[in-house]
Amino acid sequence: MALFSIARRLRRTHPQLLLSFPLKHPNLHLPSLLGSSEKFITLSLAFHRTHPIYSRPAIFTPHFSTLQSFSTQTLTNPFDFTGSPTHDRDPQEPALLDLLKRVAHLDSETEAVASLDNSGIKATQDLIFSVIWTLREEWRLAFLAFKWGEKWSCSGQKACELMVWILGNHSKFNIAWCLIRDLYHSSMDTRRAMFIMIDRYAAANDPCKAIRTFHIMEKFRMTPDEEAFQTLLKALCKHGNIEEAEELMLSNKKLFPLETESFNIILNGWCTISVDVFEAKRVWREMSKCCVTPDATSYTLMICCFSKVGNLFDSLRLYDEMKKRGWAAGIEVYNSLVYVLTRDNCLNEAHKILDKMREAGSQPDSTTYNSMIRPLCEAAKVDEARNLLSTMISEKLSPTVETYHAFLEGVDFEGTLEFLNHMRMVGLCPTHDTFLLVLGKFFKIEQPENALKIWTEMEQFEIVPDYSHYITLIKGLATCGWLVKARELYAEMMSNGFLDDPKLKKLLQEPVRSSGNKRQSLRKVDGSKQVKKWKGKMRRKKSHHQSNKDSI
């Protein structure tokens, strides 16, 4: 196949695949980084399938964030790829993408590269980087683009780092290490690539190898300094390995003295990633024991955490303490306070917080109003939420998708159609997630008939149902007893090329219950329960009477 010879060359040039590979440094061997059980994954059959493959995305769970992401450099990970290339798209890109998929069927790498060479497409660094990014979900195609760009000296350090990230996303760590080795041999900086490997190991739930990657940085002529150590802590916390990160911080306090910034990384893990108030309080006490003074970020994290779980008392207590210590509250703090106050039915006090925001020079934004609208909709106070929406618009603040999602969870069927149409009118067309939220809502309140009506409305909003929509609808119908309709939609899903779901298939094999007689059957069940309950009382009374008789 197209990449078979690449695989052979990788095997020749990297025979031990980093289990013990020699670099320029005579002592650079990595027997402890990768376990001996990790085998090299051959690149043959790399482009065997170029037709679309339907994957199984996670079922959408409605999520509403009342807090803005922290913009402070302390909690930002600058060593991750989170966005598309910033340069303009090369007009050659569509042709190159199409050609890459077609050359996948060729028998050798030589033929594949020759086809790319003869296509008339001129390789540039921006083009190669953009194509690799576009193909980030198809690592084999991305890797072929990278190798072709490498032939024309267009796969520079930036493209190599992106390729390491993509390979890490697909758990192809051996190949990623080979690229890092090539970077090292080319006298390029491998620091960011190592940080990416740390992050991808943590994302793959392998904190041990993330930590080992940090420890071997010296062998790449890099100093594992404070920045690298905090990058490791952030990566571990971001992907849920918060306990490991905290243990690492405490066990290395002689080499990296304990300070506020490191504790903030751990606090961010417990407060933002895990939202575990108990652990957050424990770390807060640990800071005091270690004579580490909390700063504005520390207080912000704790207040936001208390707010998320509805702890009004501690949110206000820490806010007062924060002001007494001279730390200025940012918009994240104010948004948290208006959320928890509104949630606790203290809307007047929440409006007073808005006044304090303005006095402090912070203007309420869309997230601020969303933080009040959401709890009102959850409490079925839609009229009050509508008043806030009007105020928001009068202050020239544009509602966001989250604003409408909040309303969609709190209104009836007619209100749902109203807000869906309103979203389209203001240019925030309902998305796939919007309809997943609405479908889930109607099944939650046991209104399958309205869920089916929404299903038919999706076409008007130019939303093509995907796997998650089908699963949500079919499972909801089956749970509500509408098995006949559920089976029809399951057959439709299969005919559209989506993957089978054994659990759902098993659920659909249950006996059919008539949806029209559902309420009646429920009443019968309730009646039989009442009879059983009455008989149980009689037996207990009889037993109690008999026991009293025996005791006498």
Side-chain angles (χ1 to χ4, degrees), residues 54 56-66 343 366-367 369-386 388-389 392-393 398-490 492-493 496 498 501 504 507-508 515 518:
Y54 291 109
R56 295 188 180 201
I59 301 301
F60 173 74
T61 302
H63 174 72
F64 179 84
S65 174
T66 59
R343 178 174 167 171
S366 299
T367 306
Y369 281 98
N370 288 345
S371 302
M372 302 172 70
I373 290 172
R374 176 63 185 218
L376 288 173
C377 289
E378 289 177 344
K381 298 180 179 179
V382 180
D383 290 338
E384 294 181 19
R386 285 178 184 271
L388 278 174
L389 178 62
M392 181 179 177
I393 295 173
S398 300
T400 65
V401 172
E402 286 188 336
T403 311
Y404 289 105
H405 281 189
F407 279 104
L408 287 171
E409 284 195 84
V411 295
D412 57 11
F413 179 75
E414 297 300 328
T416 299
L417 293 180
E418 174 194 347
F419 278 102
L420 287 175
N421 287 315
H422 202 275
M423 288 182 72
R424 182 163 53 184
M425 288 171 54
V426 298
L428 293 173
C429 292
T431 64
H432 283 74
D433 288 348
T434 304
F435 282 97
L436 281 173
L437 183 150
V438 174
L439 289 172
K441 175 191 73 172
F442 283 126
F443 284 123
K444 185 178 180 180
I445 59 178
E446 297 185 357
Q447 294 182 5
E449 62 280 2
N450 285 334
L452 285 172
K453 290 178 183 178
I454 289 296
W455 180 260
T456 59
E457 291 287 335
M458 288 176 63
E459 186 178 354
Q460 297 185 16
F461 291 91
E462 300 180 354
I463 299 294
V464 179
D466 61 17
Y467 184 80
S468 298
H469 292 112
Y470 273 108
I471 293 296
T472 302
L473 183 67
I474 296 168
K475 186 177 180 180
L477 290 172
T479 304
C480 292
W482 292 45
L483 282 171
V484 174
K485 188 62 178 178
R487 288 168 184 167
E488 290 178 8
L489 288 164
Y490 186 77
E492 178 185 313
M493 181 185 80
N496 287 337
F498 291 102
D501 189 309
L504 188 58
L507 179 63
L508 295 178
S515 59
K518 186 180 177 187

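If you read the sequence from its start, that first residue is 1, and numbering goes on from there.
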Does a side-chain heavy-atom distance below 4.5 Å link T416 with E457?
-> no
What residue pairs, at least two apart or across chains, pass salt bridge (Lys or Arg N to Asp or Glu O under 4.0 Å) with a residue in residues 471-486?
-> K485-E488
Is there a side-chain contact between T434 and L437 (heavy atoms, below 4.5 Å)?
-> no
Within the 6.0 Å centroid threshold, strictly below: H422 and Y404 = yes
State, yes or no, whether a side-chain contact exists between F442 and L452 at a heavy-atom distance under 4.5 Å.
-> no
Do L389 and Y369 come within less than 4.5 Å of each other through their side chains, counting heavy atoms only?
-> no
Sub-4.5 Å side-chain heavy-atom contact between M493 and I471 = yes
Any donor-acceptor N/O pair, D466 side chain to H469 backbone, under 3.5 Å = yes
Any L507 side-chain heavy atom under 4.5 Å of L504 side chain | yes
Pair E449 + K453: basic N to acidic O under 4.0 Å | no
Indicate yes or no for a side-chain donor-acceptor contact from K441 to the backbone of V411 under 3.5 Å, with no hydrogens or angles considered.
-> yes
Counting only N and O atoms by type, is there a donor-acceptor contact under 3.5 Å from the side chain of H405 to the main-chain atoms of V438?
-> no
